[in-house]
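Presented below is the structure to which this report refers.
This chain uses plain numbering: 1 for the first residue, then up along the sequence.
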Amino acid sequence: MTTATSGFVPIRDQIANKLRAAIQSGELQPGDSLPTLSEISKEWGVAKATADAALGLLREEGLIAPGGRGKPAQVRKPPTRIKLLTEMGQAMKNLVRESEDVRAASGALEMTTGDSVQDVEFSANYTEVEATEELAQEFGIEAGAPLIKREYSMVDKRSGTYTSWSVSYIPRALIESNPALLDESNEPWPGGHQHQLYTVGIELDRFETTLWSVTPTTIERQQWGMNEGVPLLHGRSKSIDIEGRVVELSEAVYPADRTEVCYVERLDRW
């Protein structure tokens with residue numbers, strides 16, 4: 001991959017090109033400090049504003065991270081990517097009839113990141129809400145019917161930033177026969193929501209997922225430890241049972257620079 005800018009090259013881009021090449025060649029390693037604004041200004045004979053603009057390009061590309069108050073920028077460690085696989089739903093379904101010990105050791109977090117729930121601060125918050133017109137239409141129920149809103153977050157204990165965040169909705173009538181499903185203290189549930197649904201006689205047939213990207217707010221960038229210029233992926237997933245009903249609707253967000261979405265399209269034979 002080329003590291004140079006073709007045609008007329010503004011001084012800002014020349015500075016960025018040289019630093020980028022040093023990073024990509026390994027001359028500058030993750031965690032190494034970059035030259036200060038004063039050092040760059042002196043070397044290139046430019047104002048600090050020009051030097052800062054050059055570093056801004058590298059920040060937007062996700063190659064460097066701010067060093068903090070009074071400290072130079074540093075080469076950013078490439079983030080660990082999680083994989084969103086279409087086969088994950090089947091993998092989780094395969095766990096439903098396994099023992100609790102097996103289910104507890106093989107959740108979605110372990111499958112996507114390789115981390116365990118011990119590596120994160122896990123939070124689950126349940127509230128009962130009324131179905132909006134949009135959600136009522138999705139579930140095929142009356143507007144105002146009770147839904148259980150379940151918000152989940154995981155924060156990396158080392159960095160203090162989000163590992164995952166999602167919110168889901170499920171009609172209360174579908175799960176209230178098992179009171180344990182209404183109690184957030186039972187989270188994280190071994191085997192996830194497919195096993196939760198299994199306890200009330202619901203078997204999932206498929207997931208339908210939609211993805212789109214948005215520009216994160218300043219607060220969201222801080223929460224996720226994201227660089228400027230990196231979008232957030234939003235995903236909405238419908239859990240559909242073997243009777244064709246939407247039984248759960250969830251929304252999650254994923255930083256685009258550390259998320260790999262893998263789709264497998266299987267075709268029926270003639």
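- Looking at residues two or more places apart in sequence or on another chain, you find a side-chain contact (heavy atoms from CB on, under 4.5 Å) between A51 and L37, I40, S41.
- How far CD1 of I170 is from CD1 of I202: 6.0 Å, rounded to the nearest 0.5 Å.
- Its side chain outside the 4.5 Å cluster rule for every partner, I242 clusters with none of the Ile, Leu, Val, Met, Phe, Trp and Tyr residues.
- The OG1 atom of T50 sits 11.0 Å away from the CG atom of L55 when rounded to the nearest 0.5 Å.
- Put simply, CZ on R20 and CG on L28 are 13.0 Å apart, with the number rounded to the nearest 0.5 Å.
- Judged as a side-chain hydrogen bond (donor to acceptor under 3.5 Å, both in side chains), and not counting sequence neighbours, the contacts of R76 are N227, D257.
- Sorted by first and then second residue, the salt bridge (Lys or Arg N to Asp or Glu O under 4.0 Å) pairs involving residues 177-204 (not counting sequence neighbours) are K93-E203.
- A distance-only check finds no donor-acceptor pair linking the side chain of T259 to the backbone of A256 [under 3.5 Å].
- For residues 23-43, the pairs satisfying salt bridge (Lys or Arg N to Asp or Glu O under 4.0 Å) are K18-E43, with sequence neighbours left out.
- For Y126, the ring-ring contact (aromatic ring centres under 6.0 Å, His included) test picks out no residue, with sequence neighbours left out.
- Through direct or relayed side-chain contacts under 4.5 Å between Ile, Leu, Val, Met, Phe, Trp and Tyr, Y198 connects to V96.
- Note: R258 CZ to L233 CG = 11.0 Å, rounded to the nearest 0.5 Å.
- Side-chain contact of S168 with H193: a donor-acceptor pair under 3.5 Å is absent, judged by distance alone.
- Sorted by first and then second residue, the pairs that involve residues 229-251 and meet ring pair (Phe, Tyr, Trp, His ring centres under 6.0 Å), not counting sequence neighbours, are W212-H234.
- For T161, the side-chain contact (heavy atoms from CB on, under 4.5 Å) test picks out S159, with sequence neighbours left out.
- For the atom pair CG (L197) and NE2 (H195), the distance works out to 10.5 Å, reported to the nearest 0.5 Å.
- Counting only residues at least two apart or in different chains, salt bridge (Lys or Arg N to Asp or Glu O under 4.0 Å) contacts with residues 140-153 comprise R150-E248.
- Residue pairs that meet the salt bridge (Lys or Arg N to Asp or Glu O under 4.0 Å) test with at least one member in residues 166-175, sequence neighbours left out, are E128-R172, R172-E176.
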Tabulate below the donor-acceptor pairs under 3.5 Å that side-chain atoms of residues 129-137 make, not counting sequence neighbours, or state none.
{"unit_1": "T132", "atom_1": "OG1", "unit_2": "L135", "atom_2": "N", "d": "3.2"}
{"unit_1": "E134", "atom_1": "OE2", "unit_2": "R236", "atom_2": "NH1", "d": "3.0"}
{"unit_1": "E134", "atom_1": "OE2", "unit_2": "R236", "atom_2": "NH2", "d": "3.4"}

